[in-house]
Protein chains: 2
Amino acid sequence: MYRLYEFSPSGNCYKARLLLTQLEIPFERVEIDIVRGESRTPDFLKKNFNGRVPVLEIKEGQFLSESNAILYYLAEGTPFLPSSKLERAQVLQWMSFEQYNHEPNIATSRYWIQYLKKEKEYAEALVKKRELGYEALKVMERHLADRHFFVADTYSIADIALYAYTHVAEEGGFDLSDFPRIQIWLEHVKDQPHHIAITD
Amino acid sequence: MYRLYEFSPSGNCYKARLLLTQLEIPFERVEIDIVRGESRTPDFLKKNFNGRVPVLEIKEGQFLSESNAILYYLAEGTPFLPSSKLERAQVLQWMSFEQYNHEPNIATSRYWIQYLKKEKEYAEALVKKRELGYEALKVMERHLADRHFFVADTYSIADIALYAYTHVAEEGGFDLSDFPRIQIWLEHVKDQPHHIAITD
């Protein structure tokens with residue numbers, strides 16, 4: 001059985017948990033408290049030199065890290081990854097955008113505020129994160145102007161990757177009220193079969 | 001014919017140029033000077049809402065952005081992408097690592113110093129980038145301890161993605177002399193058939 005090493009409030013870990021659940025694949029959950037440094041212990045570093053969660057243990061001693069690589073691995077050959085070569089590349093395009101433009105701003109703001117409780121200490125850095133996070137949201141809003149989902153107009157791992165931190169962006173201080181298309185898309189994602197909440 | 005919109009000194013653009021050359025695929029190059037804002041013009045934003053290079057025009061009006069998505073698109077079905085599902089996911093794992101842990105530190109330092117010429121202005125931010133960039137290099141050095149290439153012990157787009165900014169890390173103020181495995185790997189990459197330099 002797959003084993004998922006995760007910090008459960010993390011959107012990156014939620015991505016893997018959501019897809020595994022939607023694929024109806026059973027898996028074991030192992031909680032790693034990153035705030036207490038549990039992803040940097042010598043034992044954990046044997047699973048992922050990079051000291052981060054999620055890590056998927058595929059079979060005894062075989063580990064895959066990076067949330068979007070895990071999504072791609074699990075989704076290959078399923079309806080969660082489009083079958084055309086160009087559409088698969090577009091899924092990767094949006095997952096790269098998520099890791100480069102979205103997550104470092106929106107997820108990091110949420111982590112600093114909600115989990116480290118250091119909103120005051122990071123006040124100056126948060127201003128820049130806010131600006132860049134809103135830029136990412138604007139790119140998403142514009143893309144959603146004439147479609148329901150990010151790629152091939154069907155629910156895919158591109159949507160899962162972007163949903164993970166967008167739907168909790170308010171916990172990072174982002175106001176989504178100026179992003180009506182994103183709000184509709186969030187509802188579409190939530191309506192998918194076997195959806196689970198990040199708190200589940 | 002493919003058309004590559006690029007800022008030629010950019011490692012992200014070099015990734016696409018290197019792979020296209022190694023695949024012996026002819027392509028047209030269109031220079032976009034990002035320092036002068038040419039990736040943020042209304043015309044360019046029609047190609048990529050996110051205002052970044054590289055962008056690959058696959059056919060008239062059909063655009064793919066994000067360097068690693070472009071690599072994956074071009075490499076599918078070629079020896080540059082391993083054929084097993086797990087190895088493909090490992091390629092994506094290293095490409096995610098590159099975009100999240102490596103590029104924002106090593107490439108951004110190089111950009112600030114070499115292209116914006118703002119080393120003094122960004123002095124404080126560069127200290128943090130240096131620390132995180134060296135952390136990424138340590139992860140690479142450790143992974144290379146018992147292998148020649150990043151995935152499946154064969155040259156793949158994972159190596160191209162990581163080579164792009166590692167081989168010019170010194171231009172960002174990084175000293176590679178404490179990373180002997182990385183140095184050997186850089187030579188292996190350089191020795192591949194049809195290799196071109198970033199300045200070519």
Side-chain angles (χ1 to χ4, degrees), chain A residues 12 40 45-46 48-52 55-56 58-59 62-77 84-105 107-108 124-125 128 135-136 138-145 151 157-158 161, chain B residues 12 40 45-46 48-52 55-56 58-59 62-77 81 84-104 107-108 124-125 128 135-136 138-145 151 157-158 161:
Chain A
N12 285 327
R40 306 289 165 123
L45 291 174
K46 285 181 198 154
N48 180 10
F49 291 168
N50 199 26
R52 286 163 195 274
V55 171
L56 184 69
I58 292 170
K59 58 181 188 183
Q62 188 176 72
F63 303 100
L64 182 65
S65 59
E66 297 293 339
S67 60
N68 292 335
I70 293 170
L71 285 184
Y72 201 95
Y73 176 79
L74 294 170
E76 267 210 84
S84 97
K85 182 175 162 176
L86 178 62
E87 287 165 351
R88 279 195 300 277
Q90 288 168 337
V91 164
L92 293 176
Q93 174 189 306
W94 283 106
M95 297 205 302
S96 291
F97 164 82
E98 190 268 338
Q99 282 291 286
Y100 196 89
N101 296 102
H102 187 292
E103 202 267 15
N105 301 305
T108 302
E124 199 185 335
K128 189 66 185 166
E135 267 184 31
K138 279 179 199 158
V139 170
M140 291 171 65
E141 181 77 8
R142 184 162 166 192
H143 186 69
L144 290 169
V151 177
I157 53 171
Chain B
N12 284 329
R40 307 290 166 122
L45 291 174
K46 285 181 200 155
N48 180 11
F49 291 169
N50 199 25
R52 287 162 195 274
V55 171
L56 185 68
I58 292 170
K59 58 182 190 184
Q62 187 176 72
F63 303 100
L64 182 64
S65 60
E66 298 292 338
S67 60
N68 292 335
I70 293 170
L71 286 185
Y72 201 96
Y73 176 79
L74 294 170
E76 267 210 84
L81 185 67
S84 96
K85 182 176 162 176
L86 178 62
E87 288 164 351
R88 280 195 299 278
Q90 288 168 338
V91 165
L92 292 176
Q93 174 189 306
W94 284 106
M95 298 206 301
S96 291
F97 165 83
E98 189 268 339
Q99 282 291 286
Y100 196 88
N101 296 102
H102 187 291
E103 202 267 15
T108 302
E124 198 185 336
K128 188 68 186 165
E135 266 184 31
K138 279 180 201 159
V139 170
M140 293 170 65
E141 181 75 9
R142 183 161 168 192
H143 185 69
L144 290 170
V151 177
I157 53 172

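Chain letters run A, B, ... following the sequence lines, proteins first and then strands; every chain starts at 1.
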Give, as side chain, backbone, both or neither, the part of L71(B) having an atom under 4.5 angstrom from any heavy atom of chain A. neither
Do F49(B) and F97(A) pass the side-chain contact (heavy atoms from CB on, under 4.5 Å) test, and can you show the C-alpha distance, the side-chain angles, and the key distance before you say yes or no? CA-CA 11 Å; F49(B) 291 169; F97(A) 164 82; over 6 Å; no
Atom of A69(B), atom of A89(A) and distance for their closest heavy-atom approach: CB-O, 3.5 Å
Does the pair N101(A) and E66(B) meet the rule for a side-chain contact (heavy atoms from CB on, under 4.5 Å), with working shown? CA-CA 11 Å; N101(A) 296 102; E66(B) 298 292 338; 4.1 Å; yes
Mind checking what makes side-chain contact (heavy atoms from CB on, under 4.5 Å) contact with K85(A), not counting sequence neighbours? R88(A), Y73(B), E76(B)
Against chain A, work out which of I70(B), V91(B), L86(B), L45(B) has the most heavy-atom pairs shorter than 4.5 Å and name it. L86(B)
Applying side-chain contact (heavy atoms from CB on, under 4.5 Å) to M95(B) and L92(A), what does each step give before you reach the verdict? CA-CA 11 Å; M95(B) 298 206 301; L92(A) 293 176; 5.6 Å; no
Gap between atom CG of N50(A) and atom CD of Q93(B) - 0.5 Å precision: 8.5 Å
Under 6.0 Å from the CD atom of Q62(A), do we count more than 12 heavy atoms belonging to anything else shown? yes
Residues in side chain to side chain donor-acceptor pair (under 3.5 Å) contact with Y100(B), at least two apart in sequence or another chain: E103(A)
